[in-house]
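We count ligands from 1, going down the list as the structure has it; atoms in each ligand are counted the same way. Below, each value reflects all heavy atoms present in this structure, side chains not excepted, and no hydrogens, waters or symmetry copies.
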Amino acid sequence: MTEFSRQSKVAFLGAGKVGGSLALALANAGYPVVAVASRTPASAHTFAARIDGCTAYQSYQGAADVSDVAFVTTSDDAIGPVAASVVWRQGQAVVHCSGAASLDLFDGPKSQGAVPGAFHPLQAFSSVENGVKSIPGTTFSIEAGDDIRPYLEQMAHDIGANPIFLKAEDKVLYHLSGVLMGNLLTCLVGIAGGVWEHIGYTRAEGVKALVPMMRAVADNIEASGIPDAVAGPYPRGDVGTIRKHLEALRERDPGLLPLYCELALAGLPQAVERGLDEDTAEEISLMIKTYR
Ligand SMILES: NC(=O)c1ccc[n+]([C@@H]2O[C@H](COP(=O)([O-])OP(=O)(O)OC[C@H]3O[C@@H](n4cnc5c(N)ncnc54)[C@H](OP(=O)(O)O)[C@@H]3O)[C@@H](O)[C@H]2O)c1
């Protein structure tokens with residue numbers, strides 16, 4: 001069985017946000033990040049310029065050949081084709097960072113003797129600069145066989161991340177929880193900010209006003225968890241206030257009414273966990289259902 005260690009040479013195939021962030025975090029933790037190749041040569045050169053000892057190669061094969069562990073950090077759809085374009089050595093590791101994809105993307109490399117792995121950061125990466133800062137404390141899910149699992153677990157610890165292990169069949173549900181939190185929560189912020197357009201402000205002004213609240217909510221959740229961090233008219237059982245919301249939406253922003261109703265109904269059990277009595281919860285539920 002191949003032994004992977006902190007001395008194993010690492011390459012990146014795909015020089016985007018996740019590849020660039022992870023490579024910098026690994027280099028800062030003392031891992032030898034020796035090679036990069038990407039679809040666009042300029043991306044690979046920018047990547048390599050950030051990391052001492054890292055060379056930009058013109059071909060994926062060139063970068064893979066000098067590595068013991070190759071991360072394929074292209075967009076999801078390109079991972080399989082890029083990995084399939086390389087001839088792999090026996091015992092060389094090939095790892096992707098996709099949350100929804102499983103190891104079967106690497107069936108081809110595996111048939112050549114390569115060791116497949118998945119190492120997914122449960123984080124939103126908007127740039128390399130922000131990404132590398134956000135890695136400490138981030139959960140990384142690992143799907144891997146015994147030959148590379150301890151290495152990826154140690155790697156997560158070495159970059160200050162929190163490793164968890166997933167089975168292939170659980171990955172899509174795990175991934176969609178992250179999409180609810182990252183992608184769709186961002187959409188919700190845009191929607192909440194958009195309500196301000198009805199009250200004489202821009203969406204940007206609304207978002208700016210709401211973000212400090214979002215930060216406090218995140219802090220409260222981290223400190224107290226769910227349901228203790230649940231606050232507002234629902235756990236208080238303020239039926240009159242909730243009715244005013246529903247009326248206002250019906251009159252002034254009816255497009256938002258179904259989303260508001262579904263979110264409120266989905267959250268009612270948490271308000272009950274927080275102390276809302278069952279009778280008031282039922283009253284609120286029936287009222288909402290007459291509006292949605
Ligand atoms: N962004 C996130 O928040 C996030 C979070 C967790 C996991 N991930 C995963 O991380 C991986 C990389 O995502 P990313 O956000 O870093 O993407 P990204 O910034 O868009 O970078 C992907 C890179 O892949 C290359 N690429 C795109 N299409 C390609 C193609 N058809 N053939 C070959 N190369 C292609 C591009 O290279 P060139 O620049 O050279 O053209 C690009 O730089 C994905 O598997 C993604 O699911 C992303």
Practice task
For ligand 1, find out whether one of its N or O atoms is nearer than 3.5 Å to an N or O atom of Ile79.
Solution key: no

Under 4.0 Å from one or more heavy atoms of Ser38, ligand 1 contributes atoms 37 (O), 38 (P), 40 (O)

Phe71 touching ligand 1 at heavy-atom level, < 4.0 angstrom:
no

Query - His96 near ligand 1 by a heavy-atom separation under 4.0 Å - result: no

Per-atom filter on ligand 1: closer than 4.0 angstrom to a heavy atom of His120 are 6 (C), 7 (C)

Nearest non-hydrogen protein atom to atom 24 (O) of ligand 1, with distance, is Thr74 CA, 3.1 Å

Worksheet item: Can you find an N or O of Val18 that's nearer than 3.5 Å to an N or O of ligand 1?
Response: yes

Residues passing the ring pair (Phe, Tyr, Trp, His ring centres under 6.0 Å) test with Tyr260, sequence neighbours excluded, are His245

If you scan protein heavy atoms around atom 21 (O) of ligand 1, the nearest is Gly16 CA, 3.2 Å

In ligand 1, the atoms that come under 4.0 Å of a heavy atom of Ala124 are 3 (O)

Pairs of donor and acceptor atoms involving the side chains of residues 100-108, under 3.5 Å and at least two apart or interchain, shall be tabulated with distances.
from   : atom 1 : to     : atom 2 : distance (Å)
Ser102 : OG     : Glu143 : OE1    : 3.1
Ser102 : OG     : Glu143 : OE2    : 2.8

Among non-hydrogen protein atoms, atom 22 (C) of ligand 1 lies closest to Ser75 N, 3.6 Å

Discussion item. Below 4.0 Å from ligand 1: does a non-hydrogen atom of Leu122 turn up there or not?
Written reply: no

Honestly, for Ser126 the part within reach of ligand 1 (heavy atoms, under 4.0 Å) is neither

